[in-house]
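Contents: one structure, followed by commentary.
Throughout, numbering of the chain's residues begins at 1 and tracks the sequence.
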Amino acid sequence: MLTAFARAFKTPDLRKKLLFTLGIMVLFRLGAHVPVPGVSYANVQTCMDQAKSGQGLFGLVNMFSGGALLHVTIFALGIMPYITASIILQLLTVVIPRLEALKKEGQSGQAKITQYTRYLTVALAILQGTGLVATASNGALFSGCAVGNQIVPDKSIFATAMMVITMTAGTCLIMWLGELITDRGIGNGMSILMFTSIAAGFPSGLWGIKLAGKLMGGWLEFGLVIVCGLAMVALVVFVEQAQRRIPVQYAKRMIGRRSYGGTSTYIPLKVNQAGVIPVIFASSLLYIPALLVQFTGSKAGWATWVNSNLVKGDHPIYMVTYFLLIVFFAFFYVAISFNPEEVADNMKKYGGFIPGIRAGRPTAEYLSYVLNRITWPGSLYLGLIALVPTVALVTLKANQNFPFGGTSILIIVGVGLETVKQIESQLQQRNYEGFLR
């Protein structure tokens with residue numbers, strides 16, 4: 001990986017792209033520290049200093065915003081509205097025939113879906129911004145803070161509207177910065193901004209473990225976390241690169257005097273076909289009961305049960321439910337994102353077949369069988385990786401945003417691998433060695 005970056009810096013046009021991307025990342029991080037007009041920054045800092053373990057129900061969104069959410073800055077919503085809009089559009093593509101037709105139209109159809117994603121992102125940003133301002137105004141953002149209800153001193157409609165408009169504009173700016181990286185940088189703009197947000201919390205998370213440690217001044221716990229983190233990175237890289245290759249043979253066809261086809265290729269089925277989406281789905285779904293209790297203020301039996309079992313990450317019921325939801329959503333997302341019937345029909349249309357399997361329905365059944373078999377280890381792997389922060393919470397007394405685990409490590413490793421592939425492909429286009437050296 002370091003060799004790829006070193007070679008890229010030696011190539012003038014790639015060096016410009018890398019420097020441009022780094023500049024956008026720096027600008028993105030600067031915006032995460034600019035407070036929203038109308039917010040008492042002193043009270044926010046007081047509440048942040050009083051916060052002990054984790055960030056409550058807002059930990060996931062705060063991680064995606066690089067800590068900007070709890071500081072109530074102009075980039076408080078981060079990239080989360082765009083991620084949510086992208087997932088919703090991807091799910092609706094399976095349900096709505098019009099979106100499915102656009103997806104099959106190629107680049108023009110994809111551009112239209114991207115435009116719909118932008119509109120939905122703005123709508124979600126307005127909705128989430130309104131919820132965040134309301135939460136900060138009534139003191140629920142920092143429930144244990146004495147000055148939590150004074151974060152927004154002016155609670156008038158004009159001040160609230162100004163804050164929501166500012167956060168929505170910040171989300172639109174983030175979306176534009178990501179598209180700039182995609183067009184003029186090294187590609188994968190939104191993923192790189194997500195990578196930047198999550199990586200920004202690593203130093204403070206690691207230093208917090210050192211300060212909370214008791215052995216050798218905390219350095220022993222710090223070193224243990226670093227070693228475990230490197231082992232987890234190696235495990236994630238190994239599983240993310242693992243795939244089952246289904247061989248495909250294309251029959252030879254004679255058109256005039258020319259021979260076409262006769263080639264062999266393969267269909268790569270990844271072990272973790274769903275990526276990090278099941279973890280995000282499961283985390284979001286588990287937040288809903290606790291959010292309902294927090295906003296309604298109910299003291300009923302169900303609210304007491306939710307507060308006892310589905311709020312603390314180290315509770316056995318929470319851990320089991322979280323694990324089962326991840327496994328379920330892994331199968332659900334793979335089922336809607338990979339269509340064996342469509343793949344089998346495309347293969348049959350172009351004269352392709354799997355050796356030993358008849359074309360058509362038997363091919364679809366075979367692909368479905370293989371996909372179900374490899375999704376089991378992938379879903380179990382996702383569930384175990386996502387439970388690492390909970391284990392750290394119990395053993396190391398770390399906060400719920402433990403740096404090496406769960407969503408953060410999956411996204412960082414995934415984006416890192418994809419970025420290296422992008423750089424290597426662009427290097428190959430500019431410096432192709434050929435067959436002779």
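The shortest heavy-atom contact between Leu132 and Ala76 is CD2-CB, 3.8 Å. Summarising the geometry of Ser86 relative to Thr117, their closest heavy-atom pair is OG-CG2, 3.7 Å, with the distance given to 0.1 Å. What you find for Ile374 and Lys270 is that their closest heavy atoms are CD1-O, 3.5 Å. Nearest approach of Gln243 to Pro268, heavy atoms of both residues: OE1-CB, 3.7 Å. Pro35 approaches Ile74 most closely through the heavy-atom pair O-CG2, 4.0 Å. Closest of all the heavy-atom pairs between Ile326 and Leu382 is CG2-CB, 3.7 Å.
In this structure, Asn188 contributes its side chain and Ser191 its backbone to no donor-acceptor pair below 3.5 Å. The backbone N or O of Gly185 sits nowhere less than 3.5 Å from a side-chain atom of Thr21 that would complete a donor-acceptor pair.
Annotation: side chain of Ile412 is not in contact with side chain of Val236 (no heavy-atom distance under 4.5 Å). Residues Arg245 and Ile267 are not in side-chain contact: their nearest non-hydrogen atoms beyond the backbone lie 4.5 Å or more apart. Leu22 places a side-chain heavy atom less than 4.5 Å from the side chain of Met25. Residues Ile96 and Glu100 fail the side-chain proximity criterion, which asks for heavy atoms closer than 4.5 Å. The shortest side-chain heavy-atom distance between Met347 and Ile354 falls under the 4.5 Å cut-off. Within the 4.5 Å cutoff, side-chain heavy atoms of Glu105 are placed close to those of Ser108. Looking at Trp305 and Ile317, their side chains come closer than 4.5 Å, going by heavy atoms from C-beta outward. Two residues are said to be in side-chain contact when any heavy atoms from C-beta on lie closer than 4.5 Å; Tyr119 and Val122 fail this criterion.
Atom OG1 of residue Thr168 and atom CG of residue Leu173 lie 12.5 Å apart, to the nearest 0.5 angstrom. With values rounded to the nearest 0.5 angstrom, Ile198 atom CD1 is found 9.5 Å from Leu410 atom CG. Between Ile79 atom CD1 and Thr84 atom OG1 the span is 10.0 Å, to the nearest 0.5 Å. Here the straight-line distance linking atom CE of Met175 with atom CG of Leu193 works out to 12.0 Å at 0.5 Å rounding. To the nearest 0.5 Å, atom CG of residue Leu14 and atom CZ of residue Phe20 are 14.5 Å apart. Interatomic distance, CD1 of Ile385 versus CG of Asn272, reported as 10.0 Å (0.5 Å rounding).
Other residues, nucleotides and ligands contribute at most 12 non-hydrogen atoms within 6.0 Å of the CZ atom of Arg358. Residue-environment remark: CD (Gln115) exceeds the threshold of 12 foreign heavy atoms within 6.0 Å.
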- Message: Could you go through Gln110 and Thr114, starting from their C-alpha distance and side-chain angles, then the distance that decides it, and tell me whether this counts as side-chain contact (heavy atoms from CB on, under 4.5 Å)?
- Response: CA-CA 6 Å; Gln110 190 61 42; Thr114 303; 4.2 Å; yes

- Given side-chain contact (heavy atoms from CB on, under 4.5 Å), test Ser197 with Met194 step by step and report yes or no. CA-CA 5 Å; Ser197 298; Met194 195 190 311; 5.8 Å; no

- Message: Working note: Thr419 + Phe195, criterion side-chain contact (heavy atoms from CB on, under 4.5 Å); need CA distance, chi angles, decisive distance, verdict.
- Response: CA-CA 11 Å; Thr419 303; Phe195 173 91; over 6 Å; no

- Item | CA sep, side-chain torsions, deciding dist, call: Phe329, Val279, side-chain contact (heavy atoms from CB on, under 4.5 Å) | CA-CA 8 Å; Phe329 280 120; Val279 181; over 6 Å; no

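Judged purely by distance below 3.5 Å, without hydrogens or angles, the side chains of Gln90 and Tyr333 pair a donor atom with an acceptor atom.
Within the structure, every pair that satisfies the side-chain hydrogen bond (donor to acceptor under 3.5 Å, both in side chains) test and touches residues 364-383, not counting sequence neighbours, is listed here: Glu240-Tyr381, Arg244-Tyr366, Arg361-Glu365, Tyr369-Arg373.
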